[in-house]
Amino acid sequence: MLELLEPRYDHRKTEGEIYKLWEKSGYFNPDNSPQMGADINADKRGYKISANRRRNPRKSTFCIIMPPPNANGSLHLGHAVFITLQDILIRFWRMKGRKTLWLPGADHAGFETQVVFDKKLDKEGRNRFEIPREQLFKEIWEFTQSNKKIMEEQLRKLGASCDWSREKFTLDPDIVKIVYQTFEKLYKDGLAYRDNRIVNWCAKHQTTLSELETKYIEREDPLYYIKYGPLELATVRPETKFGDTAVAVNPKDKRYSKYVGKEIEIKTLLGPAKIKVIADDAVDMKFGTGAVKVTPAHDPNDFEIWKRHENEIPAPKKVIDQYGRMDLSAFSDNEKSKRYHGLKIADARKLIEEDMEKEGLLAKIDRNYKHSVATCYKCQNVLEPRILRQWFVKTKPLAEKAIKAANKITFRPESGKKVYLHWLKNIRDWNISRQIVWGIRIPAWYCLSCSEPSINPDVKSRWFLVRHGETDWNKENRVMGHADISLNQTGFDQAKDAAKKLKIYNIDLVITSDSARCQQTAEVIRKETGAEIIIDENLRERSYGEVEGMDREELFKHGRKPYMYENKYNGGESYYDVEQRAWKAFSSHHLKNNHKNVVLVTHGGTIRMINKRIKNLDPKEALSRPSIKNAEIIQLDMLEPCKKCGNHFYEQDSDVFDTWFSSGQWPFATLLASGQSSKLKVWRSNIEHRTSNDFKTFYPTDVMETGYDILFFWVARMVMLGLYTTGKIPFKNVYLHGLVLDKDKIKMSKSKGNVIDPLGVAEIYGSDALRIALVAGNTAGKDIVISEDKIRGYRNFATKIWNISRFILMNKPGRNNSKKPGGSIVKLTAADKKNINELKKIKAKVGRHIERYEFHLAAETVYHYVWHNFADKIIESYKPRLRAYSAEAAASAAKAGQSYGGQARLSAKEESDAAAAYSTLETILIECLKMLHPFMPFVTEAIFQKIRAGGFLMMEEW
RNA sequence: GGGCGGCUAGCUCAGUUGGUUAGAGCGCUUCGUUUACACCGAAGAGGUCAUAGGUUCGAAUCCUAUGCCGCCCACCA
């Protein structure tokens with residue numbers, strides 16, 4: 001520990017050590033707070049407890065759930081801001097005597113992390129779409145875990161006094177369980193539903209996004225006026241014209257009323273066509289020509305129009321695929337469509353413009369048309385609306401309650417409430433499905449036979465259909481059938497890969513066809529998983545009789561029979577035959593082993609037939625499905641039989657939840673999952689939720705402190721989901737801080753590369769300096785412009801505090817003198833009392849400011865007092881009184897030839913006055929340290945340790 | 001189109017229900033080795049608080065309009 005001799009405070013030599021002391025003390029954990037009525041001088045672990053603290057045992061609680069930083073990178077200054085603000089509140093209320101919990105966590109940050117990881121893969125020349133789900137998940141898991149560790153260390157460096165023993169990650173099993181239960185409850189209450197709707201699709205990221213994840217940007221695009229039979233209409237997207245299903249006009253528009261309800265003849269690039277004219281209020285008579293093409297598959301408004309006219313006009317016609325390319329497969333019998341099929345949208349538009357011009361279909365083009373387009377907030381690419389089956393949360397009922405609850409929440413700044421209410425009042429249903437791997441997989445299983453969903457079920461067991469590995473005959477495209485061919489080396493390798501993937505599922509049993517290629521594959525899997533093995537000849541491949549052993553050419557020469565259900569070769573079987581024996585075998589194994597995790601190793605044809613039965617496919621469909629690769633695994637999850645059709649086999653939704661769906665449950669999920677858990681509690685809707693002591697003690701929490709940029713994303717959703725699940729608002733106060741901007745006033749973000757590393761500046765100037773610099777001069781809701789100069793200024797303040805303390809402690813009676821002051825009489829003078837009184841007023845003021853969340857005023861008040869009052873005026877005025885104790889004074893007296901007889905020459909009055917002076921200064925110092933502690937915890941604790949070793953400033957009575 | 005915020009010292013920002021000489025950090029000027037601190041102390045310069053009206057004994061603060069800057073929400077065929 002740094003000695004007081006040093007004229008400058010060195011944060012490098014103290015901060016780490018101080019944090020370790022705090023952590024070791026266990027006082028971040030509210031369970032270790034001195035207990036009510038404790039009649040001891042030290043707590044159970046031997047730390048000193050001040051008399052004041054004993055008189056004021058913990059009465060009430062104070063809890064903040066830390067906004068979990070994204071575990072996909074390191075902390076930036078924005079994090080430092082919230083750490084500081086929250087730590088100020090936590091330390092203040094802890095000193096005030098509340099039982100205080102600050103619960104830390106980390107967010108898996110689904111899409112955000114996926115994007116970060118995609119970039120990493122890109123650098124490595126890889127691509128997430130080529131990596132199997134499990135492997136990709138595992139890699140991202142490891143990536144986030146190592147980031148998480150770094151982040152935790154960074155939080156420690158910044159002095160965060162959070163309870164690490166309660167730390168949570170959004171993918172912790174107990175959190176996921178609670179998220180699942182909430183989803184199940186929403187489903188049962190009819191508030192979560194699955195529907196085919198038009199959603200925002202990012203072709204780059206290959207996933208849908210919610211409204212909040214879109215960013216509208218202003219753009220200039222040509223506006224094409226197209227001739228549509230007798231009408232003319234305006235569009236910026238001529239390439240979607242192929243998907244038009246109607247033309248809409250305003251019902252009041254007299255110009256077009258004669259066409260309404262009728263079909264008009266139009267000329268298109270694909271030839272003549274007929275299209276119906278409908279009337280809809282959404283059409284603006286004043287825009288363009290007042291007539292609009294309706295393309296429900298590729299435009300949200302048109303989709304709505306179609307919904308309103310579902311019975312009058314055809315269903316949406318898809319003409320653009322998921323990669324943002326023209327998909328005219330619906331027009332495959334039209335030769336002209338080939339010209340555009342497969343083109344990127346931009347290229348197609350250009351070509352179509354040219355062609356329309358040639359065909360005389362264009363009336364005019366407005367080249368200066370300005371409009372805004374929805375883009376992906378991450379990659380800025382234009383979003384392509386697509387119709388997709390997604391899970392949605394019906395938000396209106398949730399929002400209504402959140403609106404009513406608004407008057408029970410105090411917003412800082414106050415304007416936050418207005419913004420919050422406005423958003424809730426205009427809320428739309430929330431798409432919570434994301435087509436990425438990284439996240440909480442949606443706990444919806446669909447019956448493989450009838451598609452009936454089952455939400456959050458118990459999976460009894462998992463069955464895997466595995467095709468055998470490769471043989472030389474596979475390679476040579478020879479018909480195998482019952483021919484007993486062994487695996488080649490590739491085949492063994494494939495089997496090994498499959499076995500590794502299966503290993504994580506605790507396989508109990510391997511059932512295999514008796515063909516060598518299957519037995520060999522099964523044996524590899526058995527070895528890897530340690531499962532039992534059963535051989536069953538009824539799982540054999542279809543017998544091809546006389547054509548077995550032929551390659552493609554030979555088979556063709558011999559006369560290939562169409563790939564049909566009933567066909568068979570001489571001496572061979574039909575698919576129908578295979579289905580009969582294989583299904584019989586499969587059923588009997590299933591009957592006996594449905595509680596076990598089973599791998600069934602068999603053949604392509606056999607798998608097709610088993611699939612046919614499970615999925616209730618017609619023969620043509622069963623045979624036309626894409627071929628099954630060697631060693632390919634098909635997973636079947638076994639649930640309670642489907643209520644609708646009795647089938648046992650299900651597959652899970654492949655999508656994951658929008659991160660904010662789980663984050664929205666963070667306050668109650670963390671508290672339910674932390675601390676000692678107690679019995680299960682039944683909430684509304686018959687869903688069991690565990691409750692916990694922490695939940696009972698700390699929920700609702702006191703403050704939600706976060707950036708205003710996630711007011712909708714997070715705060716509003718926490719209120720909605722918190723109210724829905726627990727019936728209570730998750731927090732009483734919302735404090736919204738501004739964004740930290742760089743010197744050019746641009747938001748700091750990793751993608752822009754303008755982040756300032758807070759740990760870097762903390763390393764140079766100290767965490768204390770950084771913390772108070774982020775607080776001083778900053779108010780709720782306003783953006784923060786931080787400069788190094790400012791931080792340096794507050795570093796100087798830390799040095800000032802250090803020197804004030806150093807000076808006072810140097811004058812401690814008995815420190816430099818051989819003799820202690822004679823009497824113990826400390827009689828305060830009028831000036832002492834006045835100074836202490838003034839101090840009390842300052843302290844009350846600072847406390848009041850913190851209680852009102854006026855951190856900047858608190859910081860400035862204490863700063864001004866300590867430096868310009870205490871140091872510049874009070875200490876200066878006390879110097880003559882302290883002189884009596886000084887060794888230097890003795891020395892200078894000796895120099896002057898006087899015999900300085902120590903205290904012998906001091907009168908009792910002088911002695912007492914000096915003692916009073918010291919006592920007053922020490923009192924003020926300690927109070928100043930307390931006031932400063934929430935803002936600058938390290939330097940203040942380091943000094944306190946010099947004064948009262950064995951105790952903690954952190955735990956002193958404010 | 002709707003809403004919100006800002007415009008205060010050279011720079012970055014405070015200024016709590018309207019009340020005496022409008023504050024902080026950095027920068028600037030002059031002076032200063034005094035029981036700690038030069039990462040310091042003392043003294044000082046610097047602001048018609050965006051503009052124009054209004055309410056008031058009194059306005060940076062409340063009201064109305066205007067300008068510029070920024071943000072959010074919604075629609076855009």
Side-chain angles (χ1 to χ4, degrees), chain A residues 4-9 211-212 216 218 223-226 233-238 240 244 247-248 282-284 287-295 299-302 305 369-374 413 415-416 418-419 422-423 425-426 428 708-709 711-712 738-739 741 743 745 747 765-766 769 772-773 776-779 781-811 816 845 848-849 852-854 856-857 859-861 863-864 867-868 871-872 875-876 878-880 882-889 891-892:
Chain A
L4 267 178
L5 300 169
E6 318 245 355
R8 281 188 195 169
Y9 167 68
E211 275 82 28
L212 289 177
Y216 280 87
E218 187 91 345
L223 180 64
Y224 301 89
Y225 286 76
I226 297 171
L233 45 80
T235 180
V236 282
R237 300 201 62 186
T240 64
D244 290 359
V247 174
V283 181
D284 180 355
F287 187 93
T289 59
V292 72
K293 70 197 207 65
V294 180
T295 321
D299 184 281
N301 292 314
D302 294 1
I305 293 177
Y369 176 63
K370 266 188 198 159
H371 65 150
S372 61
V373 289
S415 59
K418 247 190 205 171
V419 182
H422 181 261
W423 186 73
K425 280 174 188 159
N426 298 293
R428 280 175 287 171
Y708 67 74
D709 54 329
L711 177 62
F712 307 143
L739 308 176
L741 307 179
K743 55 182 186 302
K745 296 202 172 187
K747 182 182 171 180
Y765 301 109
I772 194 164
N778 292 132
T779 46
K782 288 194 72 178
D783 291 343
I784 300 160
V785 184
I786 188 79
S787 69
E788 205 169 316
D789 277 345
K790 190 172 177 185
I791 301 168
R792 191 185 300 120
Y794 285 102
R795 186 272 318 265
N796 296 352
F797 181 49
T799 308
K800 189 74 185 180
I801 299 166
W802 178 256
N803 276 296
I804 288 168
S805 313
R806 192 160 80 99
F807 173 74
I808 293 170
L809 292 181
M810 275 163 62
N811 284 287
N816 290 327
K845 193 177 166 195
R848 214 163 41 233
H849 282 313
R852 291 179 187 165
Y853 300 85
E854 296 159 349
H856 61 295
L857 295 179
E860 279 150 25
T861 303
Y863 175 91
H864 193 266
W867 199 319
H868 300 300
D872 290 348
I875 291 180
E876 287 305 320
Y878 275 56
K879 280 180 179 174
L882 291 170
R883 192 175 284 275
Y885 288 136
S886 150
E888 286 85 345
S892 67

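The sequence lines fix the lettering, A, B, ..., with proteins before strands; numbering per chain opens at 1. Everything quoted here is computed from the prediction, not taken from an experiment.
- Applying the salt bridge (charged side-chain N to carboxylate O under 4.0 Å, His left out) test to A:D302 and every residue at least two apart in sequence or in another chain returns nothing.
- Among the heavy atoms of the strands lying under 4.0 Å from A:V283 is at least one base atom, whether or not backbone atoms are also near.
- Of the P atoms belonging to B:A14 and B:G32, the separation is 38 Å, rounded to the nearest Å.
- Contacts of A:E876 classified as salt bridge (charged side-chain N to carboxylate O under 4.0 Å, His left out), with partners at least two apart in sequence or in another chain: A:K879.
- We find that CG of A:N778 is positioned 15 Å from C1' of B:G23, with the value rounded to whole Å.
- Map A:I875 and A:D789 each onto its nearest nucleotide of RNA chain B; the residue landing nearer the 5' end is A:D789.
- Atom CD1 in A:I791 sits roughly 18 Å away from atom P in B:C39 (whole-Å rounding).
- Between the C1' atoms of B:G53 and B:C11, the separation comes to 32 Å (whole Å).
- A distance below 6.0 Å separates the ring centres of A:Y863 and A:Y794.
- Between A:I804 and A:W867 the shortest side-chain heavy-atom distance does not fall below 4.5 Å.
- Rounded to a whole angstrom, the distance from the C1' atom of B:A22 to that of B:C40 is 27 Å.
- For the P atoms, the distance linking B:C13 with B:G54 amounts to 33 Å, nearest Å.
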Short N/O separations, protein against nucleotides 72-75 of chain B, under 3.5 angstrom:
| unit_1 | atom_1 | unit_2 | atom_2 | d |
| --- | --- | --- | --- | --- |
| B:A74 | OP1 | A:R428 | NH2 | 3.2 |
| B:C75 | N4 | A:S372 | OG | 3.3 |

task = Take A:I801 and A:Y9, measure what side chain to side chain contact (heavy atoms under 4.5 Å, CB included) needs, and give me the verdict at the end.
result = CA-CA 9 Å; A:I801 299 166; A:Y9 167 68; over 6 Å; no
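- Residues satisfying the side chain to side chain contact (heavy atoms under 4.5 Å, CB included) test with A:R428, not counting sequence neighbours, are A:E211.
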request  = Show your working on side chain to side chain contact (heavy atoms under 4.5 Å, CB included) between A:I808 and A:I875 and close with a plain yes or no.
outcome  = CA-CA 9 Å; A:I808 293 170; A:I875 291 180; 4.2 Å; yes
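- No contact: A:K370 has no heavy atom under 4.0 Å from any strand.
- If you check every strand for non-hydrogen atoms under 4.0 Å, A:Y853 touches nothing.
- Taking atom CD of residue A:E860 and atom P of nucleotide B:C26, one finds them 13 Å apart after rounding to whole Å.
- If you take atom P in B:C37 and the same atom in B:A42, they sit 15 Å apart, rounded to whole Å.
- The aromatic rings of A:Y369 and A:F287 stand perpendicular to each other, their planes meeting at an angle above 60°, with 30° marking the opposite boundary.
- Applying the salt bridge (charged side-chain N to carboxylate O under 4.0 Å, His left out) rule to A:R237 yields the partners A:E239, A:E384; only residues at least two apart in sequence or on another chain are considered.
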request  = Could you walk me through whether A:D299 and A:K293 pass the side chain to side chain contact (heavy atoms under 4.5 Å, CB included) test, one step at a time?
outcome  = CA-CA 10 Å; A:D299 184 281; A:K293 70 197 207 65; over 6 Å; no
Between the protein and nucleotides 40-45 of chain B, list the N/O to N/O atom pairs that are separated by less than 3.5 angstrom.
| unit_1 | atom_1 | unit_2 | atom_2 | d |
| --- | --- | --- | --- | --- |
| B:C40 | OP1 | A:N796 | ND2 | 3.3 |
| B:C40 | O3' | A:K800 | NZ | 3.1 |
| B:G41 | OP1 | A:K800 | NZ | 3.4 |
| B:G41 | OP1 | A:W867 | NE1 | 2.0 |
| B:G41 | OP1 | A:D872 | OD1 | 3.4 |

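- Side-chain atoms of A:K879 and base atoms of B:A36 include a donor and an acceptor less than 3.5 Å apart.
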key: side chain to side chain contact (heavy atoms under 4.5 Å, CB included) assessment of A:T289 paired with A:L233   = CA-CA 6 Å; A:T289 59; A:L233 45 80; 4.1 Å; yes
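- Judged purely by atom type and a 3.5 angstrom limit, A:D783 has no side-chain atom pairing as donor or acceptor with the backbone of A:G738.
- OP1 or OP2 of B:C4 has at least one side-chain nitrogen or oxygen of A:K418 nearer than 4.0 Å.
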Are there any protein N/O atoms within less than 3.5 Å of an N/O atom in nucleotides 15-22 of chain B, and if so, which ones and at what distance?
| unit_1 | atom_1 | unit_2 | atom_2 | d |
| --- | --- | --- | --- | --- |
| B:G15 | OP1 | A:H856 | NE2 | 3.3 |
| B:U16 | O2 | A:E854 | OE1 | 3.4 |

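- For B:C39, one of the phosphate oxygens OP1 or OP2 lies less than 4.0 angstrom from a side-chain nitrogen or oxygen of A:R8.
- Distance noted for atom C1' between B:U30 and B:A45: 10 Å (whole Å).
- Residues forming a side chain to side chain contact (heavy atoms under 4.5 Å, CB included) with A:T799 (at least two apart in sequence, or on another chain): A:R8, A:R795, A:N803.
- Looking at heavy-atom distances under 4.0 Å, A:T235 makes contact with sugar-phosphate atoms alone, never a base.
- Nucleic acid contact for A:L223: sugar-phosphate only, since backbone atoms but no base atoms lie under 4.0 Å from a heavy atom of the residue.
- Whole-Å rounding puts the A:L809 CG to B:C37 C1' distance at 14 Å.
- Scanning RNA chain B for stems, defined as runs of 3 or more consecutive Watson-Crick or G-U wobble pairs whose donor-acceptor distances all fall under 3.5 Å, gives the following ranges: B:1-7 with B:67-73, B:10-13 with B:23-26, B:28-32 with B:40-44, B:50-54 with B:62-66.
- At a threshold of 4.0 angstrom between heavy atoms, the contacts of A:L233 with the nucleic acid are absent.
- Between the P atoms of B:C62 and B:C4, the separation comes to 14 Å (whole Å).
- The 5' end of RNA chain B is approached more closely, in terms of each residue's nearest nucleotide, by A:K782 than by the other of A:D284 and A:K782.
- Straight-line distance from the CD atom of A:E218 to the P atom of B:G1: 12 Å, rounded to whole Å.
- The CZ atom of A:R806 sits 5 Å away from the C1' atom of B:A36 (whole-angstrom rounding).
- Taking atom P in both B:C7 and B:C49, the straight-line distance is 13 Å, to the nearest Å.
- The side chain to side chain contact (heavy atoms under 4.5 Å, CB included) search around A:Y216 returns A:T214, A:S372, A:A374, not counting sequence neighbours.
- Atom-to-atom, CD1 of A:I772 to P of B:G25 comes out at 12 Å; the value is rounded to the nearest Å.
- Put simply, NZ on A:K790 is 15 Å from C1' on B:G27, counting in whole angstrom units.
- For A:Y853, the side chain to side chain contact (heavy atoms under 4.5 Å, CB included) partners are A:L89, A:R412, A:V703, A:N733, A:Y735, A:F855, not counting sequence neighbours.
- Qualifying salt bridge (charged side-chain N to carboxylate O under 4.0 Å, His left out) partners for A:D789, counting only residues two or more places apart in sequence or in other chains: A:R792.
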